[in-house]
Amino acid sequence: MPVISNAQVRGFRLQNHHLAQSQPISALSTIVGACGLQNTPPYAWLTASHNRLPAITRTQLTQALESNKLLLQAWSYRGAPVIFPTEQASIFLTALIPEADEQPWIYTRGLLPTLPELGLTFEQALHYVITACHQLQQQTIVSKTRLDQLLAAMITPELPATIKAKWLSASPYSNQQTLGAAVVSFLLRPCAHLGLIVFGQRRGNTPTFTTPENWLKQSLIVNNTAQQQLVRKFVHCYGPTTRHALQRWLGCGAQQAKRLWQAIAPELQRVTTTGQTRYILATDYEQLTNSEPTERLLLLGAHDPYLDLADRETILAPPTLQRQVWRYSGNPGVITCGGRIIGIWRSQRSGNKLTLNLKSWSTLSAANKSQLEELANADATFNQQQLVKLVFEH
């Protein structure tokens, strides 16, 4: 079985995440479609795009999403807001729908303890929310809170009298919502996978939501090979990898991950890396074995797709440092060189003034610091800000 080094893995992934070198603006759809761009925290996708397409502007990216609609935003894998090419909506949405005997989406499991008390099964609750989403038609709803409330109100008249009082009672998840609104909030993700709800144009800092028919003036096109294409994207971007890593990336149950993995099993090739058996697409073997990371410095944002890997030790070995990067909340940005994480960064903004604090875990040369300053200034310009202070920590 071929043995693959960590350096080859990093080089391979940098290429397939389009981070090995700057890409032209014309490659926007290809880059966003590699594995989608997670958009949490809000605007994270812009930073990810800038790192791959340094010549593109925020205005051009916003136009591609909100005016030209070349790109689309919806709740996708792990229930996260993800931006992907509109023509690939089926790959990033309907491919995630589980079959009847598979576990509910992992990000809806928090709802399960409440449903017996409410007197509804998961399937019944989902049916109510799906029916309400169909009633949105041409409406555009400003804010997620308002969307939860509106759909919950649409459902209320349809409920049996024995359920209504509990539906309208206070939520155990938040004192700012009813239990009905909480149920809706959990189940909007699977409704997105069913092609019923997408993000619309932001109103200032507030997201809006509508139906694909209203936003795109057409229904989403279902692709019969969407599931296979989604898994291929994952293996191409994160290989060598495993079925368990796919399950983690998708946020699905074990049965669904196994089914999806088996759908492309004939296309996979086994390799060994760090003493473990992992898999790549057979068509990627030559690229992988000929890959090596370029010693390119990058300031990647938190939740950049490149960081969304299961084998974190490939790019950052010490567990103590890993805990500084991948946190329960408030992840920092990272400094990478040759695909390895060599430090973290955080920003402070005041109006259009930007202060950037960079903390490296090894000594930076004068040339490294100069390159990082150029990257920091380019990032500030991209975000229409002025870098007023750059602090290096060690």
> Does the Asn51 side chain pair with the main chain of Thr47, one donor and one acceptor, at a distance under 3.5 Å?
Replying inline: yes
>> Are Leu120 and Ile130 linked, directly or through intermediate hydrophobic residues, by side-chain heavy-atom contacts shorter than 4.5 Å (ILVMFWY only)?
In response: yes
> What are the two closest heavy atoms between Ala376 and Leu356, and how far apart are they?
Replying inline: CB-CD2, 3.5 Å
>> Donor-acceptor pair, distance only, cut-off 3.5 Å: does the side chain of Gln8 make one with the backbone of Thr289?
In response: yes
> Looking at side-chain heavy atoms only, is the closest gap between Leu53 and Ser22 below 4.5 Å?
Replying inline: no
> Roughly how far apart are Arg189 CZ and Leu96 CG, rounded to 0.5 Å?
Replying inline: 13.0 Å
>> With heavy-atom distances below 4.5 Å as the criterion, would you say the side chains of Thr140 and Gln201 are in contact?
In response: no
>> Between the side chains of Asp101 and Arg259, is the shortest nitrogen-to-carboxylate-oxygen separation below 4.0 Å, so that they form an ion pair?
In response: no
>> Are more than 12 heavy atoms, taken from residues, nucleotides or ligands other than Gln228, located less than 6.0 Å from that residue's CD atom?
In response: yes
> Looking at Phe199 versus Trp215, is the centre-to-centre ring distance below 6.0 Å?
Replying inline: no
> Is there side-chain contact between Val183 and Leu111, with at least one heavy-atom pair below 4.5 Å?
Replying inline: yes
> Looking only at heavy atoms, which two atoms of Ala380 and Leu387 are closest? And how far apart?
Replying inline: CB-N, 3.9 Å
> With a cut-off of 6.0 Å (strictly less than), are more than 12 heavy atoms of other residues, nucleotides or ligands near CD1 of Ile221?
Replying inline: no
>> Is any side-chain heavy atom of Thr210 closer than 4.5 Å to one of Ile197?
In response: no
>> Using only atom types and a distance under 3.5 Å, with no angle test, would you say the side chain of Thr86 pairs donor to acceptor with the backbone of Leu71?
In response: yes
>> Do Arg58 and Tyr43 form a cation-pi contact, if we require the NZ or CZ to be under 6.0 Å from the six-membered ring centre and within 45 degrees of the ring's axis?
In response: yes
> So which heavy atom on Cys237 is nearest to which on Arg13, and how close?
Replying inline: O-CG, 3.4 Å
> Which of these, Asn368, Ile341, Leu375, Leu372, sits in a side chain to side chain contact (heavy atoms under 4.5 Å, CB included) with Ile335?
Replying inline: Leu372
>> Is it the case that the side chain of Asn39 and the backbone of Ala44 share a donor-acceptor pair, with hydrogens and angles ignored and the cut-off at 3.5 Å?
In response: yes
>> Tell me which one of Trp75, Tyr173, Tyr107, Phe122 satisfies ring pair (Phe, Tyr, Trp, His ring centres under 6.0 Å) with Phe186.
In response: Tyr173
> Hey, are Gln287 and Asn16 close enough side-chain-wise for a donor-acceptor pair under 3.5 Å?
Replying inline: yes
> Which atoms form the tightest heavy-atom contact between Ala125 and Leu115, and what is the distance?
Replying inline: CB-CD2, 4.1 Å
>> Could you walk me through whether Thr145 and Asp148 satisfy the side-chain hydrogen bond (donor to acceptor under 3.5 Å, both in side chains) test, starting with their C-alpha distance in whole Å, then the side-chain angles of each, then the deciding distance to 0.1 Å, before giving a yes or no?
In response: CA-CA 5 Å; Thr145 299; Asp148 295 342; 5.5 Å; no
>> How long is the straight-line distance from CZ of Arg10 back to OG1 of Thr336, given to the nearest 0.5 Å?
In response: 10.5 Å
>> Using 0.5 Å steps for rounding, measure from the CG atom of Leu354 to the CD atom of Gln386.
In response: 9.5 Å
> Is the CD atom of Glu87 crowded by more than 12 outside heavy atoms at less than 6.0 Å?
Replying inline: no
> Taking everything shown except Gln139 itself, do over 12 heavy atoms lie less than 6.0 Å from its CD?
Replying inline: yes
> Short question: side chain of Arg202, backbone of Asn205 - any donor-acceptor pair under 3.5 Å?
Replying inline: yes
> Quick one: do Glu295 and Arg340 make a salt bridge, cutoff under 4.0 Å?
Replying inline: yes
> Is Val325 close to Asn331 at the side-chain level, that is, under 4.5 Å between some pair of heavy atoms?
Replying inline: no
> Is the gap between the ring centers of Phe234 and Tyr77 under 6.0 Å?
Replying inline: no
> If two hydrophobic side chains count as joined below 4.5 Å and joins carry through other members, does Met154 share a cluster with Val142?
Replying inline: no
> Within a strict 4.5 Å, meaning less than it, do heavy atoms of the Lys233 and Gln88 side chains meet?
Replying inline: yes
>> Walk me through whether Thr62 and Glu66 qualify under side-chain hydrogen bond (donor to acceptor under 3.5 Å, both in side chains).
In response: CA-CA 6 Å; Thr62 302; Glu66 297 185 348; 5.7 Å; no
> Is a side-chain N or O of Ser185 found less than 3.5 angstrom from the main chain of Ala181, in a donor-acceptor match?
Replying inline: no
> So, the side chain of His193 versus the backbone of Ser76: is there a donor-acceptor pair under 3.5 Å, distance only?
Replying inline: yes
> Should Leu150 and Val184 be regarded as members of a common hydrophobic cluster, given that ILVMFWY residues are connected when their side-chain heavy atoms come within less than 4.5 Å of each other, either directly or indirectly?
Replying inline: yes
> Taking atom SG of Cys252 and atom CD1 of Ile106, what is their separation to the nearest 0.5 Å?
Replying inline: 8.0 Å
> With hydrophobic residues grouped by side-chain heavy-atom distances under 4.5 Å, do Tyr306 and Phe84 end up in a single group?
Replying inline: yes
> Given the rule in the side-chain hydrogen bond (donor to acceptor under 3.5 Å, both in side chains) test, do Gln21 and Arg296 qualify, once you have shown the distances and angles that lead to the verdict?
Replying inline: CA-CA 8 Å; Gln21 61 268 330; Arg296 186 183 183 209; over 6 Å; no
>> Would Lys359 pass as a cation-pi partner of Trp345, given that its NZ or CZ must be under 6.0 Å from the six-membered ring centre and within 45 degrees of the axis?
In response: no
> Can you check whether Trp261's main-chain N or O pairs, donor with acceptor, with Gln227's side chain at less than 3.5 Å?
Replying inline: no
>> Let me confirm one number: the CG-CH2 distance from Leu321 to Trp361, rounded to the nearest 0.5 Å.
In response: 4.5 Å
> If you look at every heavy atom in Ala89 and Leu220, which pair is closest and at what distance?
Replying inline: CB-CD2, 3.9 Å
> Any ion pair linking Asp284 and Arg232 (charged N to carboxylate O, less than 4.0 Å)?
Replying inline: no
>> Are Leu112 and Trp167 linked, directly or through intermediate hydrophobic residues, by side-chain heavy-atom contacts shorter than 4.5 Å (ILVMFWY only)?
In response: yes
>> Under 3.5 Å, is there a donor on one side chain and an acceptor on the other for Gln38 and Thr40?
In response: yes
> How far apart are the closest heavy atoms of His303 and Pro41, and which atoms are they?
Replying inline: CD2-CD, 3.6 Å
>> If we ignore hydrogens and angles and just use 3.5 Å, is the side chain of Thr211 paired with the main-chain N or O of Asn214 as donor and acceptor?
In response: yes
>> Given 3.5 Å as the limit, does a donor-acceptor pair link the side chain of Arg52 with the main chain of Ala48, or not?
In response: yes
>> Ring centroids only, cut at 6.0 angstrom: are Tyr238 and His17 within range, meaning strictly under it?
In response: yes
> So do Ser360 and Ile342 actually touch side chain to side chain, heavy atoms under 4.5 Å?
Replying inline: no
> More than 12 heavy atoms of other residues, nucleotides or ligands under 6.0 Å from NZ of Lys69: is that the case?
Replying inline: yes
> Just wondering, do Gln73 and Val198 contact through their side chains at under 4.5 Å, heavy atoms?
Replying inline: no
> When you measure from the centre of the six-membered ring of Phe209, is the NZ or CZ of Lys144 under 6.0 Å away and within 45° of the axis?
Replying inline: no
> Once you round to the nearest 0.5 Å, how far does CG of Leu230 lie from CG of Leu250?
Replying inline: 5.5 Å
>> One pair to check against side-chain hydrogen bond (donor to acceptor under 3.5 Å, both in side chains): Thr314 and Asp311. What are the steps and the verdict?
In response: CA-CA 6 Å; Thr314 304; Asp311 53 335; 2.8 Å; yes
